[in-house]
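Order of the sequence lines fixes the chain letters, A, B, ..., with proteins taken first and strands second; residue numbering starts at 1 for each chain.
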2 protein chains.
Amino acid sequence: MATRTRRSQRRTEALSRERIVKAAVELLDASGESGLTFRVLTERLETGPGAIYWHVANKDELLAAATDAVVAGAVATGATGITGAGEPSQEPEDGIRDVALRLFDATEAHPWLAAQLATQLSRNPGGTVAPRILEGIGRHVRALGVPQDGWFTTASALMHYILGAAGQNVANTESARALGPEADRGDFLGTVSAAWKRLDPDDYPFTRAVAEQARTHDDREQFLAGVDLLLTGINAGHPRTA
Amino acid sequence: MATRTRRSQRRTEALSRERIVKAAVELLDASGESGLTFRVLTERLETGPGAIYWHVANKDELLAAATDAVVAGAVATGATGITGAGEPSQEPEDGIRDVALRLFDATEAHPWLAAQLATQLSRNPGGTVAPRILEGIGRHVRALGVPQDGWFTTASALMHYILGAAGQNVANTESARALGPEADRGDFLGTVSAAWKRLDPDDYPFTRAVAEQARTHDDREQFLAGVDLLLTGINAGHPRTA
DNA sequence: ACCTGAACACCGTTCAAGT
DNA sequence: ACCTGAACACCGTTCAAGT
């Protein structure tokens with residue numbers, strides 16, 4: 001059974017918090033939150049559970065680290081509207097749409113992210129995730145000409161909308177996936193739409209009236225429409241004269 | 001040990017899905033998601049796990065039912081703006097603020113709700129939770145004079161914002177509680193604010209600039225300010241002439 | 001300082017058996 | 001139809017022991 005020189009050439013790199021978090025993200029991407037287990041993490045990293053606990057306090061911290069890593073990557077890509085030279089390069093509105101879409105796309109690429117963001121922000125709002133997002137949005141809020149005493153409220157409103165909407169998008173994508181390999185999101189939205197049309201007309205007139213729109217809507221477009229609603233409201237409060 | 005007539009008068013009511021869900025909500029309220037266990041549920045209801053599984057498919061379904069029950073209660077109270085007589089009774093803007101606040105308050109009364117809403121909507125968007133919220137908001141969106149082809153987008157934007165913001169509010173309340181029994185949310189916000197002020201000035205200029213506002217802000221006010229931002233944006237799109 | 005791996009307490013879920 | 005409760009597979013976490 002050659003317990004010896006097997007795989008001697010490709011020496012396993014030393015365990016590190018970084019490697020553990022990376023493996024965690026991969027497991028989460030591959031099979032969701034329930035797929036992240038110390039057992040499979042242990043196999044994947046070819047160690048024992050004790051080794052992992054040396055680098056990471058517990059599973060909650062591991063999930064937080066995974067969330068933070070992904071958010072950091074999402075917000076960082078594209079340098080948040082400030083390009084190398086330092087010129088503004090885009091209108092503040094576009095900057096906000098940009099950050100929003102990056103977070104939106106991140107939740108699409110990592111379906112576990114949305115629920116995890118809610119949990120992380122909720123259990124540990126003093127953590128690193130909120131500042132990352134706030135900062136990504138905030139620079140543009142300032143550029144928008146919002147008076148300083150409205151900065152926090154404005155940036156928070158945008159952040160809350162983004163997180164809420166991104167979560168809902170994952171919902172649709174994931175549920176479509178759950179319908180089967182050959183089903184697409186159209187099939188799934190059709191199912192939801194049909195269910196809504198079957199609701200009690202007395203109790204759910206609006207939802208029924210809107211069922212058709214739910215079936216044909218584009219998530220990305222709808223997401224941006226919501227951002228624009230907020231932008232309009234924000235700009236109405238302090239008309240830019242420049 | 002008198003196995004007999006003990007508690008014969010207060011005969012245990014028959015088990016039912018309703019009783020199970022009620023007990024689940026109580027456990028969740030008392031000790032969070034980790035406090036809801038088939039073991040303690042079993043003790044509380046004086047049965048075996050098999051009995052519970054007769055009424056409920058699994059833990060996920062139980063969590064979904066608990067979430068739905070709480071949302072139903074929150075949205076129903078106050079009859080969603082339509083009083084007995086049938087008169088409008090309030091401006092549509094106030095109706096929206098009303099529904100929003102009810103959901104906001106519900107997440108405050110049931111700290112597990114926000115994260116659970118994200119999970120439920122995400123795993124099962126065809127469920128009952130989304131229609132309930134949509135309907136509560138939708139009636140007022142219609143009354144606002146939004147053209148029909150904008151109904152879904154508008155109501156969805158409001159729902160997403162509400163869910164995102166409510167989640168963040170829980171965050172602050174819970175974290176304050178975690179600081180200790182005598183700590184209030186002011187103590188907690190102070191801690192977060194201080195942490196933000198310690199961030200790298202180059203990486204986090206906005207978050208640092210906003211740290212003081214974070215310390216003194218009122219969650220409820222900020223929540224409503226966001227709703228109003230959206231309302232302004234919505235009304236700007238289709239000026240009411242009435 | 002970092003890692004091993006057996007052991008522990010606890011979890012959701014099943015199922016043959018009862019009434 | 002509804003309930004019992006022992007049993008199963010699996011989970012996060014600990015810790016004495018190694019290097």
Side-chain angles (χ1 to χ4, degrees), chain A residues 1 3-4 6-8 10-28 30-67 112 115-116 119-120 123-124, chain B residues 1 3-4 6-8 10-28 30-67 112 115-116 119-120 123-124:
Chain A
M1 260 104 172
T3 346
R4 231 174 219 286
R6 281 275 80 163
R7 204 193 328 97
S8 62
R10 212 175 211 306
R11 190 73 184 84
T12 304
E13 315 137 75
L15 202 54
S16 68
R17 193 184 153 93
E18 208 177 28
R19 271 191 70 216
I20 295 171
V21 171
K22 184 165 171 256
V25 170
E26 288 167 2
L27 285 174
L28 287 166
S31 39
E33 188 173 344
S34 68
L36 177 58
T37 294
F38 275 83
R39 301 279 194 269
V40 325
L41 204 52
T42 276
E43 288 170 27
R44 182 94 156 218
L45 295 169
E46 291 172 354
T47 30
I52 297 177
Y53 275 92
W54 177 259
H55 296 276
V56 155
N58 51 40
K59 194 179 179 178
D60 275 353
E61 191 188 297
L62 183 54
L63 279 166
T67 303
W112 49 274
Q116 211 49 46
T119 308
Q120 292 314 322
R123 286 205 199 135
N124 182 20
Chain B
M1 262 102 171
T3 346
R4 233 174 219 284
R6 281 276 79 163
R7 207 196 324 99
S8 61
R10 215 176 208 305
R11 190 74 183 82
T12 303
E13 315 137 75
L15 201 55
S16 67
R17 192 184 154 92
E18 208 177 26
R19 274 191 67 217
I20 295 171
V21 171
K22 185 166 170 255
V25 170
E26 288 167 3
L27 286 174
L28 287 165
S31 38
E33 188 173 343
S34 68
L36 176 58
T37 292
F38 275 83
R39 300 279 195 268
V40 325
L41 203 53
T42 277
E43 286 170 27
R44 180 95 157 219
L45 296 169
E46 291 172 354
T47 30
I52 297 177
Y53 274 93
W54 177 260
H55 295 277
V56 156
N58 52 40
K59 194 178 180 180
D60 274 354
E61 191 189 295
L62 182 55
L63 278 167
T67 303
W112 48 275
Q116 211 50 45
T119 309
Q120 293 312 324
R123 285 203 201 137
N124 182 21

Would you write the dot-bracket representation of DNA chain C, where each base gets (, ), [, ], | or . depending on whether it forms a Watson-Crick or G-U pair under 3.5 Å and with which partner? ||.|||||...|||||.||
For B/Gln120 and B/Ala64, the nearest pair of non-hydrogen atoms, with its separation, is OE1-CB, 3.2 Å
Considering only nitrogen or oxygen atoms on both sides, find all protein atoms under 3.5 Å from nucleotides 2-5 of chain C and state each distance.
residue: C/dC3; atom: OP1; partner: A/Leu15; partner atom: N; Å: 3.3
residue: C/dC3; atom: OP2; partner: A/His55; partner atom: NE2; Å: 2.5
residue: C/dT4; atom: OP2; partner: A/Gly48; partner atom: N; Å: 3.3
residue: C/dG5; atom: O6; partner: A/Gly50; partner atom: N; Å: 3.1

Can you list, pair by pair, the side-chain donor-acceptor contacts under 3.5 Å of residues 47-54 of chain A, counting residues two or more places apart and other chains?
none

Taking N or O atoms only and anything under 3.5 Å, show me the protein contacts with nucleotides 10-12 of chain D, one pair per line.
residue: D/dC11; atom: N4; partner: A/Arg39; partner atom: NH2; Å: 2.9
residue: D/dG12; atom: OP1; partner: A/Lys59; partner atom: NZ; Å: 2.7
residue: D/dG12; atom: OP2; partner: A/Phe38; partner atom: N; Å: 3.0
residue: D/dG12; atom: N7; partner: A/Arg39; partner atom: NH1; Å: 3.2
residue: D/dG12; atom: O6; partner: A/Arg39; partner atom: NH2; Å: 3.1

Residue set satisfying side chain to side chain contact (heavy atoms under 4.5 Å, CB included) with A/Ala65, at least two apart, ordered chain then number -> A/Arg17, A/Val21
Show me the donor-acceptor pairs within less than 3.5 Å that the side chains of residues 36-44 of chain A make with the rest of the protein, sequence neighbours left out.
residue: A/Thr42; atom: OG1; partner: A/Phe38; partner atom: O; Å: 2.8
residue: A/Arg44; atom: NH2; partner: A/Glu26; partner atom: OE1; Å: 2.7

Taking all atoms of both residues into account, what is the closest heavy-atom pair of B/Ala66 and B/Val25, and its distance? CB-CG2, 3.8 Å
Side chain to side chain contact (heavy atoms under 4.5 Å, CB included) evaluation trace for B/Leu63 with B/Leu28: CA-CA 9 Å; B/Leu63 278 167; B/Leu28 287 165; 4.2 Å; yes
Rounded to the nearest 0.5 Å, what separates atom CD1 in B/Ile20 from atom NE2 in B/His55? 5.0 Å
With sequence neighbours excluded, tell me which residues meet side chain to side chain donor-acceptor pair (under 3.5 Å) with A/Glu18. none
Sorted by chain and number, sequence neighbours left out, side chain to side chain donor-acceptor pair (under 3.5 Å) with A/Glu33 holds for none
